[in-house]
Amino acid sequence: MSSATSKINKKFLISAPGKVILFGEHAVVHGRTAVASSVGLRSYLYLETREEDLVELYLPDLGATAPFSWKKSELLHDFARNLKEKDSFNQILYEKVKKSIEGNSLIQIQQQQAAATAFLYLYLTLVHIVETRQKDQKQEQFGLTIRVRSTLPVGAGLGSSASYSVCLATGLLLSFGFIDISNANENHSIDTGLFSSFSSNAELINHWAFQAETVLHGTPSGVDNTVATFVSRDTRTLVANVGVKLEKYPGIVKPILDAIQNISLYFVTLLEHVRDNAFLENFEYLIDSNHHLLNSLGVGHLALDKIREITARHGLHSKLTGAGGGGCALTLLRDDVQNEVIGRVKKELSEFECFETSVGGPGVGAINPLGVVNVNEFDTMEKSMLQEISGWHFF
Ligand SMILES: Nc1ncnc2c1ncn2[C@@H]1O[C@H](COP(=O)(O)OP(=O)(O)OP(=O)(O)O)[C@@H](O)[C@H]1O
Ligand SMILES: C[C@@](O)(CCO)CC(=O)[O-]
């Protein structure tokens, strides 16, 4: 680990993808295989260290018009006493994010509070680790400015929270010197002293992103009301309902879950033959079958079937993706589908929000934004321009 107390003003731009579940949602909860992929839509996080006694987090996508702003010294003072008592720690997190909210719809307030809570949790835990490691040295903890923008829809089942968490974890680990851009994708042992060692930067990022995800999805006690968003509550209900069906009708539901498992496994074998003529035909059959099987598990929705109907009129195949019960559907756009057809389908789907993206692509990456984008440009540039930034070091 390099010095965590450097006075040099550090800047990082981080980017992480969203995800889509192609096959196997719900079945995966019961031990079956699912197939998920990254998507081309991504979150972007700009981080700058600062010498002032300030920690700022700006989340414009969630309707915030001004950053959350905390005095670093107050944060550290309040948390120093409570770090070991988890309930009280959670209560303080709740107070910190509660005070800072103004205006906005209830959903946006909950989303902002969840995002800010996850940030504070990671930030303060990492500060604590750094301080404990360096307790004999003079502390010169720096302040931070963080802003996040994303081309992903929030709470639509495309993994915006995981993408946000991965960006946060990467930004904080970089700023504290636990990881380095220069050896981003090298496998090397990282012994952070207070938590277990990891064999790569990606593994370490994943560990901390998971901590943030846990906070975002409301697991820690005391702040559930703050951090639980409507979508994740729905997901829990839908998942629970499938569990109830499995218990009540095992002879029917088990074979459905097995059939979904076979869809996932068959798709994996298909991937070895993507250039075969039959690949797309088989892919489309799997999309249709998985959708119907999910309907028979009771997680479908009229709106999702309507999307299927509209896209089918144009020869396209769709299925629900994620938890269902509303939420999100995916439609496969084969390379031979003309732009004009895509335009017509989107028009007919105008009551829904459509996002066109690629499946697959790189995971989390970072660059030094110097000469690429400054903090004001990051705030104001078209989101499509964020996608044009190149030179990423992928972890
Ligand atoms: N652009 C963003 N800026 C800040 N926070 C974000 C952003 N996108 C997502 N988040 C955080 O993630 C939460 C959304 O998590 P949720 O699990 O409800 O949706 P999702 O991740 O898009 O869907 P799923 O988990 O079903 O794939 C938001 O409430 C917010 O706290
Ligand atoms: C429904 C589910 O399979 C996917 C939700 O996006 C739940 C899960 O895997 O946690």
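In each ligand, atom 1 is the first atom listed, and ligand 1 is the first ligand listed.
- Taking each of Cys328, Cys167, Gly155 in turn, the one with a heavy atom nearest to atom 19 (O) of ligand 1 proves to be Gly155.
- The proximity of Leu158 to ligand 1, defined as any non-hydrogen pair under 4.0 Å, is limited to the backbone.
- Heavy-atom contacts of Leu59 reach the following atoms of ligand 1: 4 (C) (cutoff under 4.0 Å).
- For ligand 2, the atoms sitting less than 4.0 Å from at least one non-hydrogen atom of Val28 are 3 (O), 9 (O), numbered in the order shown with element in parentheses.
- Within ligand 2, the atoms closer than 4.0 Å to a non-hydrogen atom of Gly322 are 5 (C), 6 (O), numbered from 1 in the order shown.
- Short contacts between ligand 2 and Glu25, defined as distances under 4.0 Å to a heavy atom of the residue, involve ligand atoms 3 (O).
- Ligand 1 lies within reach of Lys19, whose nearest heavy atom is under 4.0 Å from it.
- The closest non-hydrogen atom to atom 25 (O) of ligand 1, taken over Pro153, Gly327, Ser161, comes from Ser161.
- Taking the six-membered ring where tryptophan is involved, the planes of Phe267 and Phe283 are tilted, since the angle between them lies from 30° to 60°.
- When non-hydrogen atoms are compared, ligand 1 lies under 4.0 Å from neither the backbone nor the side chain of Gln110.
- Scanning Leu158, Leu294, Ile21, Leu297 for the heavy atom closest to atom 4 (C) of ligand 2 points to Ile21.
- Ligand 2 places these atoms under 4.0 Å from at least one heavy atom of Ala323: 1 (C), 5 (C), 6 (O).
- A salt bridge links Asp379 to Arg147: one of the charged nitrogens lies within less than 4.0 Å of a carboxylate oxygen.
- Within ligand 1, counting atoms from 1 as listed, the ones closer than 4.0 Å to a heavy atom of Ser150 are 1 (N).
- Within ligand 1, the atoms closer than 4.0 Å to a non-hydrogen atom of Ser160 are 8 (N), 9 (C), 14 (C), 19 (O), 20 (P), 21 (O), 22 (O), numbered from 1 in the order shown.
- In the vicinity of Ala115, heavy-atom distances shorter than 4.0 Å reach the ligand 1 atoms 5 (N), 31 (O).
- The distance from ligand 1 to the heavy atoms of Asp61 drops below 4.0 Å at these ligand atoms: 1 (N).
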